[in-house]
Amino acid sequence: MDKIIYDNGYDRKAYAALGNRFLIGNGLVGIRGTLEEYTADLLPAINLAGVYDKVENFREPVNLPNALYSYIKVDGNNYRLPDLKPASHKISLDYGHGIFMRSSSWTCPRGNICLETRRIASMDDVNLIVMELKVSADFHAEAEIYTGIDTDIWDLNGRHLEDFSIINEDIIHYEARTHEEGIRVVMDETIEAASDCEITSVREDGRYLHRISFITRPGEAFRIVKYISFDTSKTAADPVCSSADVLKRSITLGYEEVMDRHMSVWDRLWDNADVEIKGNDEANTALNYSLYHLMSIAPRHADNLSIPARGLSGQTYRGAVFWDTEMFMLDFFIFTEPDTARKLIKYRIDTLPGAMKKAAHYGYKGAFYAWESQEGGFDACSDYNVIDVFTGRPMRTYFKDKQVHISAAIVYGLCRYLDWTGDMSLLDDGGAEMIMQCALFYLSILVKSIFNDYYEIRDVIGPDEYHERVNNNVYTNRMAKYVFEKAAKILREGYLDISDSERDSLIEGFEDGAKHILIKKPDENGIIPQFDGYEQLEDASLADVRSRLLNDKEYWGGAYGVASDTRIIKQADVVTMLNLFADDYSLDTISRNWSYYEPRTEHGSSLSAGMYSLLACKIGNPGMAWPFFLKSARADLSEKGKEWAGLLYIGGTHPAAAGAAYMIAVEGFAGLSVKNGELTCNPSLPKEIEEISFKIFYKQQQYSIRVSHDSYSIDEIN
Ligand code: BGC
């Protein structure tokens with residue numbers, strides 16, 4: 001099936017959503033699917049991975065200047081959106097190859113004018129962006145293309161790029177420094193155009209442009225190609241030279257070759273990643289489109305990056321890495337690109353010092369990972385993460401200091417990687433130390449009342465962020481137990497170069513923690529209370545709680561949130577725990593908890609639906625899983641995600657939901673797992689699909705898997 005999506009017709013108001021939906025990227029940059037003539041108010045962005053900058057109190061990733069900026073004039077009149085309504089307009093995304101395309105036409109008294117573009121963020125050379133632009137008219141006219149670099153950047157909390165200088169010649173050369181650390185940012189742009197045109201340099205406000213004047217000829221399109229290269233002193237010793245080299249190389253290769261190389265990388269990636277859903281084209285498209293998003297934001301080129309919660313769609317969530325990566329996205333990479341999965345985990349190993357610093361800051365031992373991790377493990381999360389809609393004041397939120405389950409997610413991710421790849425070298429490369437430090441952290445937050453013989457973890461936030469500062473969140477405690485067990489195991493296996501007595505005492509501590517930590521039990525109705533006292537909260541319906549909102553953007557949690565004193569939760573919490581530890585519970589208990597918590601879940605996070613779907617598959621109810629699968633797979637295709645948390649803008653793409661959609665298809669519907677060291681499937685296909693097939697890597701061997709309602713096959717690929 002062709003991997004292509006379209007948006008036909010022009011809706012001025014859709015710019016934010018389309019910018020996300022038609023995003024292209026190569027792991028180093030994400031380019032929003034906005035139109036070439038859009039200025040900063042319509043949210044164009046070339047979002048750069050791994051370069052952060054702080055202005056006042058806000059640290060976020062840097063958006064590069066808009067080097068795709070272009071518009072056209074015919075007979076002296078501007079033809080651009082949103083100003084002049086088009087006769088036709090269509091944007092497309094070839095998500096098989098990461099190509100954004102646009103075609104707009106306008107009718108004027110003398111005839112029809114058409115503008116077509118296509119652009120890529122090269123997968124072959126990640127410091128390169130290329131765009132082809134064609135103008136045609138069915139009459140002879142004097143036409144001009146204005147194209148170059150717009151330095152007026154869309155920033156959530158900028159200006160990040162300062163003291164910029166620009167040389168506006170054949171090559172437009174841009175240089176600037178970031179505000180906080182003075183990182184040099186360099187960008188070069190040049191064009192190739194037909195010889196029968198005149199090219200001059202022009203400047204309009206903050207835009208540095210080439211003006212290309214030509215005469216339109218009926219039946220013939222006038223075409224230019226734009227090459228854009230960039231680099232920063234963060235990764236290049238001399239970013240000026242390296243950007244110039246990329247530009248030179250790409251011009252020498254030429255447009256066709258650059259495109260071919262880019263497309264072959266995509267073909268190679270799809271060869272391992274494609275999941276075919278037979279019998280339901282819509283689901284097939286939504287799922288593979290989700291995988292496209294994961295593939296286009298994976299930092300294959302770097303050794304020190306992971307994937308931010310909003311991918312590379314902008315500066316939302318400070319471009320930071322959350323538990324989303326380990327708990328929702330990692331499986332896709334472990335199964336289809338194990339080398340990339342390794343890099344994602346390596347990022348956490350490398351940021352261990354940051355996590356240890358954070359633990360020490362709060363008076364704990366070991367490693368407390370950043371809730372919103374930037375470079376070096378710096379926690380970009382603010383203590384005042386939400387702005388109150390009524391007072392305009394920042395609200396104290398406790399995500400950073402109380403969402404302690406983050407460290408366990410990282411251990412979980414590493415162990416998934418080890419189990420599926422068999423690549424134990426990561427343990428010697430810092431992985432064992434990381435597990436041990438995370439376990440030490442959990443040990444240091446255990447408390448024991450003199451009246452009880454068990455350990456508690458108090459004053460935390462579980463996955464459900466609406467209930468802050470609760471005690472014994474069952475997800476958190478169960479994850480801590482998991483970490484203790486893993487740490488004791490690797491120590492017993494002899495990892496880590498420590499003395500025998502130190503080893504023995506650590507093992508003793510971790511085993512004691514694992515044995516005595518309180519894991520709340522199901523009550524008489526089989527319901528596991530999410531935390532101490534949950535069952536005493538008001539049991540209001542979701543509709544009721546929603547009706548109490550006074551403002552659409554109001555935050556549901558925190559001190560005065562409408563959900564805080566009720567049993568309404570933001571996202572899967574107990575259900576997430578049950579997914580991970582299904583073997584500890586009877587099917588009846590799992591079912592009861594699914595049915596109890598689902599109506600009480602707002603699904604206010606895109607992470608939620610996937611967990612409900614997966615668990616429904618595990619209890620053999622794919623019918624119940626299906627709508628939640630679609631919700632996850634369509635998170636960026638057609639769902640209207642939340643854009644505001646209080647007055648905090650949180651719009652962007654949802655790679656965790658994309659990863660969840662993959663997990664549902666492969667681990668839920670196909671029921672892929674490992675039993676006694678062997679791959680096996682337990683099909684739980686919904687009636688809406690006939691068959692599902694995909695390839696995965698397991699212990700360095702690739703397999704082709706096909707699953708239908710009543711049979712399955714797992715074949716080695718040679
Ligand atoms: C969710 C978190 C998630 C974050 C980033 C929040 O809304 O509650 O669980 O990690 O978004 O996706």
Side-chain angles (χ1 to χ4, degrees), residues 20 60-61 290 293-294 297 306-330 344 348 369-374 379-382 385-387 395 397-410 412-413 460-468 470 473 475-476 479 530 553-558 561 563-564 568-577 579-580 597 601-612 631-632 635-636 639-661:
N20 296 324
E60 59 191 11
S290 299
H293 272 281
L294 292 171
I297 54 179
S306 183
I307 303 179
R310 287 285 187 259
L312 297 175
S313 60
Q315 294 157 319
T316 307
Y317 281 142
R318 303 175 178 94
V321 183
F322 289 61
W323 70 316
D324 302 33
T325 312
E326 284 75 15
M327 301 304 290
F328 296 83
M329 303 179 217
L330 191 65
L344 299 178
R348 295 300 196 173
Y369 272 89
W371 180 243
E372 301 187 14
S373 183
Q374 294 185 341
D379 200 336
C381 188
S382 146
N385 225 28
V386 173
I387 310 280
M395 289 162 69
T397 46
Y398 294 88
F399 310 141
K400 177 179 175 180
D401 34 349
K402 303 292 175 191
Q403 220 155 155
V404 299
H405 64 84
I406 177 68
S407 292
I410 288 157
Y412 181 79
V460 300
I461 304 182
D464 158 32
E465 290 184 336
Y466 289 164
H467 294 92
E468 299 189 332
V470 301
N473 167 251
Y475 172 84
T476 305
M479 288 300 274
Q530 190 174 293
K553 292 182 184 166
E554 193 178 331
Y555 183 58
W556 290 45
S564 307
I568 296 301
I569 61 174
K570 179 178 181 186
Q571 65 202 89
D573 193 310
V574 170
V575 161
T576 305
M577 188 280 290
N579 256 310
L580 303 181
Y597 279 107
T601 306
E602 188 227 350
H603 298 295
S605 158
S606 63
L607 276 53
S608 191
M611 284 295 154
Y612 277 92
K631 196 171 161 63
S632 296
D636 292 319
E639 288 282 313
K640 204 175 161 341
K642 268 198 183 175
E643 289 203 295
W644 299 96
L647 293 181
L648 184 77
Y649 182 70
I650 55 167
T653 56
H654 301 85

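Just follow the structure's listing: the first ligand is 1, and inside any ligand the first atom is 1. Just so we're clear, the structure is a prediction, and the values are computed from it rather than from any experiment. Starting from 1, each residue takes its place in the sequence as its number.
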Engineer: Does any N/O atom on W371 come nearer than 3.5 Å to any N/O atom on ligand 1?
Structural biologist: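 N/O-N/O distance below 3.5 Å does not exist for this pair.
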Engineer: Are S608 and H603 linked by a side-chain donor-acceptor pair shorter than 3.5 Å?
Structural biologist: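 Present: a donor and an acceptor within the cut-off.
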Engineer: Considering only protein heavy atoms, which is closest to atom 1 (C) of ligand 1, and at what distance to one decimal place?
Structural biologist: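 Going atom by atom, the protein heavy atom closest to atom 1 (C) of ligand 1 ends up being Q571 OE1, 3.5 Å.
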Engineer: Without swapping roles, check the side chain of N473 against the backbone of I461 for a donor-acceptor pair under 3.5 Å.
Structural biologist: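 Between the backbone of I461 and the side chain of N473 there is no qualifying donor-acceptor contact (under 3.5 Å).
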Engineer: Mind checking what makes salt bridge (Lys or Arg N to Asp or Glu O under 4.0 Å) contact with E60, not counting sequence neighbours?
Structural biologist: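 Once residues adjacent in sequence are excluded, E60 has no partner under the salt bridge (Lys or Arg N to Asp or Glu O under 4.0 Å) criterion.
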Engineer: Please could you name the atoms of ligand 1 that A309 approaches to less than 4.0 Å, counting only its heavy atoms?
Structural biologist: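 Every atom of ligand 1 under 4.0 Å from some heavy atom of A309: 5 (C), 12 (O).
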Engineer: Return the set of residues passing salt bridge (Lys or Arg N to Asp or Glu O under 4.0 Å) with R310 (not counting sequence neighbours), or none when no residue passes.
Structural biologist: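 Salt bridge (Lys or Arg N to Asp or Glu O under 4.0 Å) check on R310 returns nothing, list empty.
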Engineer: How does K570 reach ligand 1, by side chain, by backbone, by both or by neither, if only non-hydrogen atoms under 4.0 Å count?
Structural biologist: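 Side chain only; the backbone of K570 stays clear of ligand 1.
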Engineer: Just by distance, do the side chain of D324 and the backbone of A656 share a donor-acceptor pair under 3.5 Å?
Structural biologist: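 No, because the side chain of D324 does not come within donor-acceptor range (under 3.5 Å) of the backbone of A656.
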Engineer: Between Q403 and ligand 1, does any nitrogen or oxygen pair lie at a separation below 3.5 Å?
Structural biologist: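 No; the residue has no nitrogen or oxygen that sits under 3.5 Å from a nitrogen or oxygen of the ligand.
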Engineer: In terms of the angle between their ring planes, are W371 and H405 parallel, tilted or perpendicular, with boundaries placed at 30° and 60°?
Structural biologist: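 Perpendicular: the ring planes of W371 and H405 meet at over 60°.
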Engineer: Nearest non-hydrogen contact with atom 11 (O) of ligand 1 belongs to which option: F328, Y317, W323, F399?
Structural biologist: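 Checking each option, the heavy atom nearest atom 11 (O) of ligand 1 is found in Y317.
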Engineer: In the protein, which heavy atom is nearest to atom 10 (O) of ligand 1, and how far is it?
Structural biologist: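 The closest one turns out to be D324 OD1, 2.6 Å.
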Engineer: Check ligand 1 against L607 and write out every atom of the ligand that is under 4.0 Å from a heavy-atom position of the residue.
Structural biologist: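 Heavy-atom distances to L607 below 4.0 Å select 3 (C), 9 (O), 10 (O), 12 (O).
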